[in-house]
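Below is one structure, written out as structure tokens; the observations come after it.
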Number of protein chains: 2
Amino acid sequence: MKLRPKHDRRRYDARARIAKALAHPSRLMILDALDRREICVCDLAQLVGADQSTVSKHLAILKQAGLVEDRKDGVMVYYTLKACCLQGFWDCLEAVLAQNLKAQQAVLR
Amino acid sequence: MKLRPKHDRRRYDARARIAKALAHPSRLMILDALDRREICVCDLAQLVGADQSTVSKHLAILKQAGLVEDRKDGVMVYYTLKACCLQGFWDCLEAVLAQNLKAQQAVLR
DNA sequence: CACATTAATGGCGGAATGGCCATACAGGCA
DNA sequence: TGCCTGTATGGCCATTCCGCCATTAATGTG
């Protein structure tokens, strides 16, 4: 059996595919909203303030990454959060932002 | 004083700027390597297997996002990890990947 | 059946990303 | 001084991303 090299490019490619899905403000907003309840596409479109087709494509990206699931109910499609591990991600982003803000204030002083 | 709306677009823009910096396999590889020690640009270029100028631009992006710091020592520039919160991010990526793999295996069965 | 509603898809144009090459800008050294 | 090394930057090109519009598909309703 062959040991996986520590720096396997394919592993980082796979990670980056997930990270790319997280790298858009509208998608972050969607994930944040879905953390509390399931929401249909039309409501999400209103939430992010973009065209329905645009939001639908964002949702397809999130679904492809395995971050959300969809459930059809008649004409409506409801999306729910599938990844239950995002809290650490949010905390990380906020920590970096807070740190950057602090650094910027230090420069001004 | 005005209360910040829960879904402030600017807040998600700020978060997305950080997330974008994390959304590239070479940058993930760099961050992972820097977690253990400070490394100069030339060694990082060899690690990721890209041109020195390419890696330098990746590092500028990471620095701009506040994820790494640089320290000049003569001609060399050493980069170190500034964000101390990435473990939750790694764990999240791995959890999603594991979940996706499991789902894919379930489909095959 | 026709018609309305909801979501997904195709297409297009503009913007951003990412790669390398060439070059500029140090710093170290003879 | 001149040369070498390590790094950053500008330019260019190919690719990807992202927005809306138009269209299609599917379901519910009269």
Side-chain angles (χ1 to χ4, degrees), chain A residues 9-10 12-31 33-34 37-82, chain B residues 9-10 12-31 33-34 37-82:
Chain A
R9 171 150 300 271
R10 272 173 303 176
Y12 290 102
D13 287 348
R15 288 179 174 180
R17 274 194 293 274
I18 311 296
K20 276 177 191 289
L22 296 167
H24 190 285
S26 296
R27 294 199 286 270
L28 293 182
M29 188 180 289
I30 289 171
L31 289 172
L34 291 180
R37 62 195 184 285
E38 72 170 14
I39 312 181
C40 67
V41 179
C42 53
D43 286 351
L44 286 171
Q46 192 167 3
L47 173 67
V48 308
D51 194 88
Q52 173 267 321
S53 65
T54 300
V55 172
S56 190
K57 285 178 182 174
H58 280 311
L59 288 166
I61 290 170
L62 292 173
K63 183 180 172 184
Q64 162 69 23
L67 295 167
V68 301
E69 282 176 323
D70 60 337
R71 174 182 74 86
K72 298 188 203 312
D73 181 11
V75 187
M76 317 285 288
V77 178
Y78 293 92
Y79 279 84
T80 55
L81 201 59
K82 188 176 178 188
Chain B
R9 167 141 314 260
R10 272 173 303 176
Y12 291 101
D13 286 348
R15 288 180 175 181
R17 275 193 292 275
I18 311 297
K20 276 177 191 289
L22 295 167
H24 191 286
S26 296
R27 294 198 286 270
L28 292 182
M29 188 181 288
I30 289 171
L31 289 172
L34 290 180
R37 63 194 185 285
E38 72 170 14
I39 312 180
C40 65
V41 179
C42 52
D43 285 352
L44 287 172
Q46 190 166 5
L47 173 68
V48 308
D51 193 88
Q52 172 267 322
S53 66
T54 299
V55 173
S56 189
K57 285 178 181 173
H58 281 310
L59 289 167
I61 290 171
L62 292 174
K63 183 181 172 183
Q64 162 69 23
L67 295 168
V68 302
E69 283 177 322
D70 60 337
R71 176 182 71 85
K72 297 188 203 315
D73 181 12
V75 187
M76 318 286 287
V77 178
Y78 292 93
Y79 279 83
T80 55
L81 200 60
K82 188 177 177 186

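Proteins come first, then strands; the chains are lettered A, B, ... in the order of their sequence lines, and each starts at number 1. Just so it is clear, the values below take in all heavy atoms, side chains as well, and ignore hydrogens, waters and symmetry mates.
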Distance in angstrom units between A:Arg27 CZ and D:dG19 P, rounded | 8 Å
Which of the following nucleotides, C:dA7, C:dG19, D:dT7, is nearest to the side chain of B:Thr54?
-> C:dG19
Give the rounded distance in Å between these two atoms: CD1 of A:Ile30 and P of C:dA7.
-> 12 Å
What nucleotide among C:dT6, C:dA8, D:dC21 has an atom nearest to a side-chain atom of A:Gln52?
-> C:dA8
Can a donor-acceptor pair under 3.5 Å be found between the side-chain atoms of A:Lys20 and the base atoms of C:dG18?
-> no
Between C:dA7 (P) and A:Glu38 (CD): distance, integer Å = 12 Å
May I have the step-by-step check of side chain to side chain contact (heavy atoms under 4.5 Å, CB included) for A:Met76 and A:Val41, ending in yes or no?
-> CA-CA 8 Å; A:Met76 317 285 288; A:Val41 179; over 6 Å; no
Exactly one candidate in A:Ile39, A:Val68, A:Leu67, A:Val55 meets side-chain contact (heavy atoms from CB on, under 4.5 Å) with A:Ile30; the answer is A:Val55
Separation of A:Lys57 atom NZ from D:dC20 atom C1', in whole Å?
-> 9 Å
Over how many whole Å does the gap from A:Leu44 atom CG to C:dT6 atom C1' extend?
-> 13 Å
CG of A:Asp43 versus C1' of C:dT5: gap in Å, rounded?
-> 14 Å
A:Val77 has its side chain closest, among C:dG18, D:dA8, C:dA7, to C:dA7
Might you work through the side chain to side chain contact (heavy atoms under 4.5 Å, CB included) test for B:Met29 and A:Arg9, ending with a clear yes or no?
-> CA-CA 8 Å; B:Met29 188 181 288; A:Arg9 171 150 300 271; 3.9 Å; yes
Test log, rule side chain to side chain contact (heavy atoms under 4.5 Å, CB included), inputs A:Leu31 and A:Leu81 = CA-CA 7 Å; A:Leu31 289 172; A:Leu81 201 59; 3.5 Å; yes
Would you tell me if any nitrogen or oxygen in the side chain of A:His24 comes within less than 4.0 Å of OP1 or OP2 on D:dG19?
-> yes
Can you find a side chain N or O atom of B:Tyr79 that sits less than 4.0 Å from OP1 or OP2 on D:dG6?
-> no
Closest to side chain of B:Asp51, choosing from C:dG19, C:dA7, C:dC21 | C:dC21
Can you check side chain to side chain contact (heavy atoms under 4.5 Å, CB included) on A:Thr54 and A:His58, steps first, answer last?
-> CA-CA 6 Å; A:Thr54 300; A:His58 280 311; 3.9 Å; yes
Take atom CG of A:Leu59 and atom P of C:dA8, then tell me their distance rounded to the nearest Å.
-> 7 Å
Give a yes/no on whether any side-chain N or O of B:His58 is located under 4.0 angstrom from OP1 or OP2 of C:dG19.
-> yes
Can you tell which of C:dT6, C:dA8, C:dG19 lies closest to the side chain of A:Val41?
-> C:dA8
Okay, side chain of A:Arg27, backbone of A:Lys20: is any donor-acceptor separation there less than 3.5 Å?
-> yes
Contacting residues from residues 63-76 of chain A, given that a heavy atom lies under 4.0 angstrom of DNA chain C | A:Val75, A:Met76
Using a cut-off of 4.0 Å on non-hydrogen atoms, how would the nucleic acid contact of B:Tyr78 be classed: base, sugar-phosphate, or nothing?
-> nothing
Determine the minimum heavy-atom distance between A:Ile18 and A:Ala65, stating which atoms define it.
-> CD1-O, 3.4 Å
